[in-house]
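Here's the structure we're looking at; comments come further down.
Given the structure is predicted, the values throughout are model-derived calculations rather than measurements. In what follows, every chain begins at residue 1, and chains take the letters A, B, ... in the order their sequences are listed.
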Amino acid sequence: MDTKYKMYLLVCGGTGCRSSQSNVLEERLRKHLKENKLENEVQVITTGCFGFCEKGPIVKVQPDNTFYTQVTPEDAEEIIKEHVIKGRQVQRLLYKDPDKKEIVHDSKHMGFYRKQLRIALRNCGFINPENINEYIARDGYAAVAKCITEMTPQQVIEEMKKSGLRGRGGAGFPTGMKWEITSKSPGDQKYVVCNADEGDPGAFMDRSILEGDPHSVVEAMAICGYCIGADKGLIYIRAEYPLAIKRLKIAIQQAQEIGLLGKGILGTKFNFDIEIRYGAGAFVCGEETALIRSMEGGRGESTLKPPFPSVSGYLGKPTNVNNVETFANVPVIINKGADWFNKIGTEKSKGTKVFALAGKINNVGLIEVPMGTTLREVIFEIGGGIKDGKKFKAVQTGGPSGGCLTEKHLDLPIDFDNLVKAGSMMGSGGMVVMDEDDCMVSIAKFYLDFTVEESCGKCAPCRVGNKRLYEILDRITHGNGKMEDIDLLRNLSKVIKDTALCGLGQTSPNPVLSTLEGFYDEYVAHIKEHRCPSGRCKDLMKYEINPENCVGCTACARNCPVNAITGERKAPHTINQELCIKCGACIEKCKFNAIFIR
Amino acid sequence: MNKIKSLDDLRKIKADVEGKMKLREHSENAENLVQIKVAMATCGIASGAKTVMDFLVSDLDKRNIPAVVTQTGCMGYCYAEPTIEVTKPGEEPIVFGYVDTKKAEEIITKYILTGELVDGIIPVNYEKIEDKKN
Ligand SMILES: Cc1cc2nc3c(=O)[nH]c(=O)nc-3n(C[C@H](O)[C@H](O)[C@H](O)COP(=O)(O)O)c2cc1C
């Protein structure tokens with residue numbers, strides 16, 4: 001048991017890397033270590049997400065910090081034979097800097113990590129999330145211990161207030177203040193709820209924290225329980241997150257076994273325990289009142305606020321709802337102090353924010369940066385710029401509640417207030433990057449389609465209004481829009497925002513409004529010229545054959561799935577527009593540049 | 001698992017596991033620590049580099065010197081194996097040749113702890129091996 005390992009192979013066990021067989025890879029690494037009698041010298045450890053999902057599966061070798069990317073099970077043998085036994089890095093698995101074309105030997109020198117600061121993700125990619133001892137070794141549970149043995153609940157609340165931490169679930173409500181309100185709400189029973197619903201398309205921050213460092217959330221919930229006077233915690237998580245659920249369950253069980261959850265924690269009078277509740281993956285159930293209804297066994301529908309959950313929440317009792325990432329920050333704040341934390345970030349937004357980078361960006365993945373980092377730094381330095389050398393067009397933040405920011409916002413320091421001022425919002429931290437090929441009207445339509453699907457239907461503005469918004473956008477993308485539609489979109493958006501019952505409807509028109517603001521010309525091109533400037537809207541596209549270039553090779557006709565192309569051999573062909581489904585197969589096959597899109 | 005009943009219990013577990021995780025912790029900020037590379041190609045292993053590496057790891061640990069010991073491929077000084085390269089924070093790397101456990105002990109005691117140089121330094125030049133032999 002007491003082996004001293006000389007080398008560690010950290011294998012990413014996040015959902016992304018798992019789906020490209022990182023678990024098979026791990027088995028093979030173990031097998032080859034054993035074959036070479038190295039199992040007592042080299043330890044293979046499953047960790048949480050390293051963030052560099054674009055190039056997963058990731059294997060990090062310590063102590064030399066070698067960072068291998070896109071490692072397959074077949075590479076296991078070579079890593080053991082070359083790196084572990086002979087000390088030679090496997091060159092072909094090292095990360096190559098796409099700009100400088102140079103091989104990067106360790107993670108420290110990768111542009112992706114250079115500007116990051118990991119607080120919420122401090123243990124992700126470092127510890128084994130299924131081993132409570134590794135969490136404890138990194139100051140785990142020291143914060144809750146300090147709170148319950150040395151501080152009064154009010155002192156902890158003061159510390160949280162001083163830290164300036166604001167909720168990471170979307171609205172950015174000051175966490176300390178929320179705890180104080182819940183602590184002062186009268187009630188014989190109170191609850192701590194962790195919101196792990198994470199319904200934004202493209203977001204996986206909370207999932208990664210739960211997969212990579214579940215104990216940080218468990219510990220923070222106990223701290224919150226101590227502050228507000230609750231002995232029960234509930235984690236609401238979507239059932240589509242099986243790995244996160246598994247690791248949470250292990251974490252809760254280990255904490256119970258060791259006595260860090262349960263009755264009389266650390267010999268004090270403080271009791272706290274946690275249960276998991278499953279959601280069916282509905283976006284609206286991330287909204288705290290709908291979440292509470294869902295946990296009670298009711299339909300996931302929002303209710304009017306006030307009363308806020310802090311006053312009357314789960315089963316009508318005072319309930320403190322916080323987001324996963326919010327919780328993950330708490331133990332560090334207690335350990336290192338509010339003064340340490342509030343030096344990081346901007347004036348009104350302290351600390352860091354985790355973002356899930358997605359879309360047309362080179363380094364798709366999970367990052368954590370200090371508040372105040374600019375969009376340009378995130379997209380071009382950490383994210384490695386736009387895929388395939390294309391031009392940046394917009395970045396969508398805040399998910400379906402947010403908006404699209406453009407070129408002119410690139411140097412904006414990211415924080416809660418700046419994003420709102422720019423017409424978007426922080427949301428939970430999804431960032432979808434778009435390039436010149438993306439049609440902004442279609443993007444707005446995509447988000448509205450999502451909202452229409454996900455609206456709970458309780459209030460008319462959201463249920464009916466969003467559907468109408470969608471229909472207007474739909475006709476514009478089909479070339480049937482009128483200029484009056486633009487006013488209609490604006491007016492209807494305003495009414496929905498003003499009258500919807502919950503945050504879902506109050507923010508759902510944002511993608512429409514922000515694209516109208518930043519890309520008005522694109523709307524006009526669709527409406528007046530029946531033209532989609534990005535060539536995305538199929539109904540506005542026409543594939544045609546230039547008879548001067550066409551040699552009649554018949555390649556296009558043979559590959560057309562709907563037989564829309566006809567013509568004699570060796571004579572120019574034509575496309576029947578009635579039949580054409582605009583799939584683009586003909587363009588791909590034509591060797592003579594004879595087919596073009598109008 | 002034993003129950004943690006007090007703050008002291010928690011601290012005990014922490015101290016215990018921390019020791020086991022020290023290496024991983026250190027490699028996160030290796031540039032601020034003493035770094036030692038042991039040449040472990042065929043020639044190095046044949047002449048006992050593995051024993052030296054094991055010794056370095058356990059001796060540094062025993063003396064509580066935060067250091068990162070890694071292995072590398074052939075450094076090109078096959079005639080002088082086992083060879084190790086020692087880099088103290090902010091200093092140029094120094095390569096020592098013919099290192100056995102006795103020499104390794106001397107390197108730790110003298111060079112690493114006090115900065116005093118010991119015999120067996122190979123002038124660092126990354127040119128061809130032939131040049132060095134002359
Ligand atoms: C439509 C909608 C969806 C939401 N989804 C989430 C979610 O997935 N996760 C989350 O933490 N908060 C979500 N929220 C915000 C929650 O209502 C609540 O403000 C948050 O959980 C509070 O935690 P915080 O103060 O730590 O941010 C959503 C809000 C709305 C209106």
Side-chain angles (χ1 to χ4, degrees), chain A residues 1-8 10 41 43 45 47 60-66 82-89 106-108 118 122 125-128 131-142 144-146 148-150 253-262 264-268, chain B residues 1-45 49-50 53-62 66-75 83-85:
Chain A
M1 179 68 218
D2 229 26
T3 14
K4 261 257 145 62
Y5 295 102
K6 286 189 204 66
M7 193 188 259
Y8 297 92
L10 307 182
E41 290 184 29
Q43 191 183 18
I45 297 172
T47 68
K60 188 166 168 181
V61 185
Q62 285 182 321
D64 55 41
N65 262 322
T66 303
E82 282 297 303
H83 192 139
V84 176
I85 299 179
K86 297 196 186 136
R88 288 197 291 239
Q89 288 180 322
D106 62 52
S107 54
K108 290 249 167 74
R118 300 186 139 215
R122 63 196 176 279
F126 188 86
I127 64 166
N128 175 354
N131 184 339
I132 191 171
N133 286 342
E134 294 206 351
Y135 179 69
I136 292 175
R138 294 203 113 195
D139 290 325
Y141 290 104
V144 67
K146 181 170 165 189
I148 65 177
T149 60
E150 295 170 12
Q253 196 191 342
Q254 287 177 344
Q256 286 166 342
E257 278 172 12
I258 210 166
L260 289 167
L261 281 180
I265 297 170
L266 294 179
T268 65
Chain B
M1 242 182 271
N2 282 338
K3 283 243 181 211
I4 300 185
K5 294 197 195 74
S6 65
L7 200 52
D8 278 342
D9 288 354
L10 183 68
R11 293 205 179 110
K12 248 178 256 150
I13 296 198
K14 178 169 147 77
D16 185 40
V17 205
E18 217 171 21
K20 285 187 198 144
M21 284 175 69
K22 206 155 61 182
L23 180 59
R24 265 151 72 192
E25 207 67 68
H26 283 167
S27 42
E28 291 287 298
N29 65 344
E31 60 276 11
N32 302 322
L33 307 172
V34 177
Q35 294 182 68
I36 305 180
K37 288 184 181 156
V38 184
M40 290 268 265
T42 314
C43 46
I45 295 173
K50 187 140 185 358
M53 176 151 173
D54 289 348
F55 174 80
L56 284 168
V57 171
S58 61
D59 198 57
L60 287 163
D61 191 55
K62 227 183 283 160
V68 172
V69 184
T70 58
Q71 48 186 20
T72 85
C74 182
M75 289 201 255
T83 50
I84 69 170
E85 181 192 274

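- For a residue to count as touching a neighbouring chain, one of its non-hydrogen atoms must lie under 4.5 Å from one of that chain's; by this rule I45(A) touches chain B with the side chain only.
- Side chain of Q62(A) to backbone of S27(B): no donor-acceptor contact under 3.5 angstrom is found.
- Using a 4.0 Å cut-off between charged side-chain N and carboxylate O, K20(B) and E134(A) make no salt bridge.
- The NZ atom of K3(B) sits 8.0 Å away from atom CD of E257(A), with the distance rounded to the nearest 0.5 Å.
- For the set D61(B), D8(B), V17(B), the entry with the most heavy-atom pairs within less than 4.5 Å of chain A is V17(B).
- Interface remark: K50(B) contributes side-chain atoms only to the contact with chain A (heavy atom separation under 4.5 Å).
- Scanning for salt bridge (charged side-chain N to carboxylate O under 4.0 Å, His left out) contacts around D139(A) gives K14(B), with sequence neighbours left out.
- The existence of a salt bridge linking K6(A) and D54(B) is confirmed by a sub-4.0 Å separation between a basic side-chain nitrogen and an acidic carboxylate oxygen.
- Taking I85(A), T149(A), L260(A) one by one and counting their heavy-atom pairs under 4.5 Å with chain B, the maximum is reached by I85(A).
- Using a distance-only test at 3.5 Å, with no hydrogens or angles considered, a donor-acceptor pair links the side chain of R24(B) to the main chain of F126(A).
- Proximity to chain B (any heavy atom under 4.5 Å) is shown, for Y135(A), by neither the backbone nor the side chain.
- Heavy-atom pairs under 4.5 Å with chain A peak, among V57(B), V68(B), L10(B), at L10(B).
- The contact between N65(A) and chain B is made entirely by side chain atoms (from C-beta outward), counting heavy-atom distances below 4.5 Å.
- Contact annotation for V38(B): neither backbone nor side-chain heavy atoms come within less than 4.5 Å of a heavy atom of chain A.
- Between R138(A) and E25(B) the shortest side-chain heavy-atom distance falls below 4.5 Å.
- Residue contact with chain B, scored on non-hydrogen atoms closer than 4.5 Å, involves the backbone and the side chain of I127(A) alike.
- With a threshold of 4.5 angstrom between heavy atoms, E28(B) approaches chain A through its backbone and through its side chain.
- Both the backbone and the side chain of Y141(A) come within contact range of chain B, with heavy atoms under 4.5 Å apart.
- The side-chain hydrogen bond (donor to acceptor under 3.5 Å, both in side chains) check on R118(A) picks up nothing, with sequence neighbours excluded.
- Between chain B and the options V61(A), L10(A), V84(A), heavy-atom pairs under 4.5 Å are most frequent for V84(A).
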